[in-house]
Amino acid sequence: MKFGLFTCGYQRAALEDAFADTVRFGYDYIELWGGRPHGFAPDLLSDDGAEIRGLIQRFGVPVRVYTPEHNAYPYNYMLGSRRQWEDSMEYLEAAIRAGAAIGAEYTLVSLGHSGGLPPQERTRRLERSLLRLADAAQRLGHALVVENLTPWESDACTNLASYAALLERLDHPALCGMCDVVVPFVQGEDPADYPRRLGSRMRHLHLVDSDGISETHLVPGEGMMPLGRVLRDIRAAGYDGAATLELVTHYIDAPSRYARLALERTKELMV
């Protein structure tokens, strides 16, 4: 299993620090967070893209995943007027172009919150959005990974059954699934059921610990998830691909320290 460093926690540091830590601590790849001061899609399509490609070449570390900031920051394709939806679509299509331009294997988008739209309207908006984005990725020979979220973050397909049904219904060759282990854990589901149900559609994993009562992402060992068993079960279910240790702003004051600790503890769990 390949482990990735998520750069969201490095937003107050130079992006070069994240690349250096990836090499220093033994990560296999980077998942690039797409928000300023580094990684914002419109910036990547200008001069910043060349900077990222330079860091990739200099450190010999691939950016395997590009995860643009969205879902109300200020873009949310699930919420707002038709004009706002179109603006969000254009932004995410630019993000897909940016992900492809820096050599990422896929761009990752999540299922945002619709603000309580009626179920049929919410489903229509979700499916129309994802198909448009998947088409944009396919035209570039790229892939789009769709992440479902906890019920605190989204009102669309938060459980495995509805999420898997969405992917099966759309059945787009450029559209892939994943699992953030916090999402099933806080809802009493087994994270290993994701690779069992999604099969070849599952292309990515976010691996962190959880307090069991919120969407908070914790360093392995700081929560209540039996993460060692979860990881073994996921691998036994047939998934042995990329796993990003998705530390976010909870650890923003000392990203290097916690990036090292997260990988050390995760590798200990695999012994």
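- A salt bridge is absent between R197 and E189: the closest approach of a Lys/Arg side-chain nitrogen to an acidic carboxylate oxygen does not fall below 4.0 angstrom.
- The closest side-chain heavy-atom distance from P226 to F185 is below 4.5 Å.
- For the residue pair E147 / H206, a side-chain donor-acceptor distance below 3.5 Å is found, with atom types taken as modelled.
- Tracing side-chain contacts under 4.5 Å through hydrophobic residues (I, L, V, M, F, W, Y), one reaches L126 starting from V183; they form part of the same cluster.
- Between S210 and T216 the shortest side-chain heavy-atom distance does not fall below 4.5 Å.
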TODO: Start with the C-alpha distance between M270 and R232, add both sets of side-chain angles, then the distance that settles side-chain contact (heavy atoms from CB on, under 4.5 Å), and finish with yes or no.
DONE: CA-CA 7 Å; M270 297 181 67; R232 290 190 294 271; over 6 Å; no
TODO: Apply the test side-chain contact (heavy atoms from CB on, under 4.5 Å) to residues L247 and V208: give CA-CA distance (whole Å), side-chain angles for both, the deciding distance (0.1 Å), then the verdict.
DONE: CA-CA 7 Å; L247 304 184; V208 286; 4.2 Å; yes
TODO: Decide side chain to side chain donor-acceptor pair (under 3.5 Å) for W85 and S129; before the verdict, give the C-alpha distance in whole Å, the side-chain angles of both, and the deciding distance to 0.1 Å.
DONE: CA-CA 9 Å; W85 176 79; S129 301; 2.8 Å; yes
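- The distance from atom CZ of R201 to atom CG of D171, rounded to the nearest 0.5 Å, is 5.0 Å.
- Screening residues 43-56 for salt bridge (Lys or Arg N to Asp or Glu O under 4.0 Å) gives R36-D43 as the qualifying pairs, with residues at least two apart or on separate chains.
- In this structure, Y77 and L92 have side chains that are in contact, with non-hydrogen atoms separated by less than 4.5 Å.
- By the 4.5 Å heavy-atom criterion applied to side chains, P195 and C179 are not counted as neighbours.
- W33 and E69 form a side-chain donor-acceptor contact under 3.5 Å, judged by distance and modelled atom types alone.
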TODO: Start with the C-alpha distance between H204 and Y106, add both sets of side-chain angles, then the distance that settles ring-ring contact (aromatic ring centres under 6.0 Å, His included), and finish with yes or no.
DONE: CA-CA 10 Å; H204 194 45; Y106 35 83; 5.5 Å; yes
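- Side-chain atoms of T150 and E153 form a donor-acceptor pair, as typed in the model, at a separation below 3.5 Å.
- Within a 6.0 Å sphere centred on CZ of R83, heavy atoms belonging to other residues, nucleotides or ligands number 12 at most.
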Open item on the list: Let's go through S88 and H70 carefully: what are the C-alpha distance in whole Å and the side-chain angles of both, what is the deciding distance for side chain to side chain donor-acceptor pair (under 3.5 Å) to 0.1 Å, and is it a yes or a no?
Closed with: CA-CA 8 Å; S88 293; H70 61 295; over 6 Å; no
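- Proximity of L227 to L207: side-chain heavy atoms (C-beta onward) are separated by under 4.5 Å at one or more points.
- Residue H217 is tested with D180, T249, D209 for a side chain to side chain donor-acceptor pair (under 3.5 Å); the sole match is D180.
- Taking the charged nitrogens against the carboxylate oxygens, D240 and K2 have no contact shorter than 4.0 Å, which rules out a salt bridge.
- The salt bridge (Lys or Arg N to Asp or Glu O under 4.0 Å) check on D190 picks up R196, with sequence neighbours excluded.
- Counting side-chain heavy-atom gaps under 4.5 Å among Ile, Leu, Val, Met, Phe, Trp and Tyr, the cluster of L44 also holds L15, F19, V23, I30, L32, I52, L55, I56, F59, V61, V63, Y66, I102.
- Under the rule for a side chain to side chain contact (heavy atoms under 4.5 Å, CB included), the partners of H113 that lie at least two apart in sequence or sit in another chain are D155.
- Remark: the Y10 side chain and the E16 side chain contain no N/O donor-acceptor pair separated by less than 3.5 Å.
- A donor-acceptor contact shorter than 3.5 Å is absent between the side chain of D211 and the backbone of G223.
- Sorted by first and then second residue, the side chain to side chain donor-acceptor pair (under 3.5 Å) pairs involving residues 89-105 (not counting sequence neighbours) are R64-E105, E93-R132, E105-R203.
- Note on M89 and L140: same hydrophobic cluster, where clusters join Ile, Leu, Val, Met, Phe, Trp and Tyr whose side-chain heavy atoms are under 4.5 Å apart, directly or indirectly.
- Cluster annotation: L108 and F6 are assigned to distinct hydrophobic clusters (Ile/Leu/Val/Met/Phe/Trp/Tyr, side-chain heavy-atom contacts under 4.5 Å, transitive).
- Interatomic distance, S154 OG to N71 CG, rounded to the nearest 0.5 Å: 7.5 Å.
- In the model, T244 has a side-chain atom that pairs as donor or acceptor with a side-chain atom of E31 under 3.5 Å.
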Open item on the list: The test is side-chain contact (heavy atoms from CB on, under 4.5 Å); show your working for V65 and V145 and say whether it passes.
Closed with: CA-CA 9 Å; V65 193; V145 169; over 6 Å; no
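- Qualifying salt bridge (Lys or Arg N to Asp or Glu O under 4.0 Å) partners for R24, counting only residues two or more places apart in sequence or in other chains: D21.
- For the residue pair M1 and A243, the shortest heavy atom distance occurs at SD-CB, 3.8 Å.
- With rounding to the nearest 0.5 Å, the separation of CG in L167 from NE2 in H172 is 12.5 Å.
- In this structure, Y163 and Y194 have tilted ring planes: the angle between them lies in the 30° to 60° band.
- Following chains of ILVMFWY side-chain contacts shorter than 4.5 Å, one cannot reach L149 starting from L130, and the two form parts of different hydrophobic clusters.
- No single ILVMFWY cluster, assembled from side-chain heavy atoms under 4.5 Å apart, contains both F25 and I252.
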TODO: Quick one: do E215 and V186 satisfy side-chain contact (heavy atoms from CB on, under 4.5 Å)? Show the steps, please.
DONE: CA-CA 8 Å; E215 74 276 16; V186 298; over 6 Å; no
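- Side-chain atoms of Y27 come within 3.5 Å of backbone N or O of A259 as a donor-acceptor pair.
- Scanning both residues, R122 and S114, for their nearest heavy atoms gives CD-OG, 3.3 Å.
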